[in-house]
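What you are looking at is a predicted structure, and each value in this text was computed from that prediction instead of being measured.
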Amino acid sequence: MASREPQFNQQVLVDTTPMPDHIPKVEEIGATSAPLYSAAYFIGDRCKPYNDDFMKCKDESNGRGELDCLKEGRKVTRCAASVIKDINTHCLKSFTAHWECLENNNHKLWECRAQEMKLNSCVFEKLGLKKEIPGTPENVVPVHLRPKQLYSDWPGRQY
């Protein structure tokens with residue numbers, strides 16, 4: 001038996017210290033994992049320069065990236081929020097269909113290729129953003145454009 005009684009912390013700790021004035025204010029995105037996962041490649045397409053600046057700052061800050069790179073992190077958040085807002089404005093129906101499919105299929109992208117194709121075409125047509133998987137070789141068909149998905153629940157064409 002243990003010689004001391006267990007202690008459980010049931011309180012939620014909230015840091016009420018305000019952000020410094022030199023850090024720009026930004027609203028949080030307020031989306032769950034499925035919509036963010038659905039829009040991730042479009043966020044990456046539009047926000048690549050901000051993401052690169054943030055990652056470079058974190059690399060150069062010697063372990064203090066959380067504190068030293070708040071300004072760059074806020075730019076990334078602001079850019080991602082603008083992408084979500086634009087997709088909601090111009091492609092709400094296909095966006096909702098895709099992220100709900102992801103939500104219902106345990107975030108398995110290969111189960112939602114039909115909805116993804118509709119979302120990709122809408123976002124490209126209306127916003128000019130396209131899904132590109134980083135590191136895909138040039139002479140290989142990207143996985144999201146293959147008509148037959150390897151791990152899908154049903155055989156044959158997926159879209």
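Using a cut-off of 4.0 Å between Lys/Arg side-chain N and Asp/Glu carboxylate O, E72 and R74 are scored as not salt-bridged. In summary, D68 and K58 do not engage in a salt bridge, as defined by a charged side-chain N under 4.0 Å from a carboxylate O.
Every ring-ring contact (aromatic ring centres under 6.0 Å, His included) that H107 has, sequence neighbours left out, goes to Y37. With sequence neighbours left out, K118 forms a salt bridge (charged side-chain N to carboxylate O under 4.0 Å, His left out) with no residue at all. Scanning for side chain to side chain contact (heavy atoms under 4.5 Å, CB included) contacts around N104 gives an empty result, with sequence neighbours left out. Take K126 and apply the side chain to side chain contact (heavy atoms under 4.5 Å, CB included) test, not counting sequence neighbours, and it matches H90, C91, C122.
Side-chain N or O atoms of S38 include none that pairs as donor or acceptor with a backbone N or O of A34 at under 3.5 Å.
No more than 12 heavy-atom neighbours from other residues, nucleotides or ligands sit within 6.0 angstrom of CG on D21.
The two residues E27 and T77 have their closest heavy-atom pair at O-CG2, 3.9 Å. Summarising the geometry of C112 relative to N105, their closest heavy-atom pair is SG-ND2, 3.9 Å, with the distance given to 0.1 Å. Here the shortest heavy-atom pairing between K108 and L102 reads O-CD2, 3.9 Å.
Between the NZ atom in K75 and the NZ atom in K71 there is a gap of 7.0 Å [rounded to 0.5 Å]. Atom CD of E116 sits about 6.0 Å away from atom CG of L109, to the nearest 0.5 Å. The SG atom of C101 sits 10.5 Å away from the CZ atom of R113 when rounded to the nearest 0.5 Å.
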Would you tabulate the side-chain donor-acceptor contacts of residues 47-55 under 3.5 Å, counting partners in other chains and residues two or more places apart, or write 'none'?
{"unit_1": "K48", "atom_1": "NZ", "unit_2": "D52", "atom_2": "OD2", "d": "3.1"}
{"unit_1": "N51", "atom_1": "ND2", "unit_2": "C47", "atom_2": "O", "d": "3.4"}

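Alongside L127, the hydrophobic cluster contains I29, L36, F42, I43, V83, I84, I87, F95, W99, L119, V123, L129 (criterion: ILVMFWY side chains under 4.5 Å).
Side-chain contact between E100 and Q115 is absent, with no heavy-atom pair separated by less than 4.5 Å.
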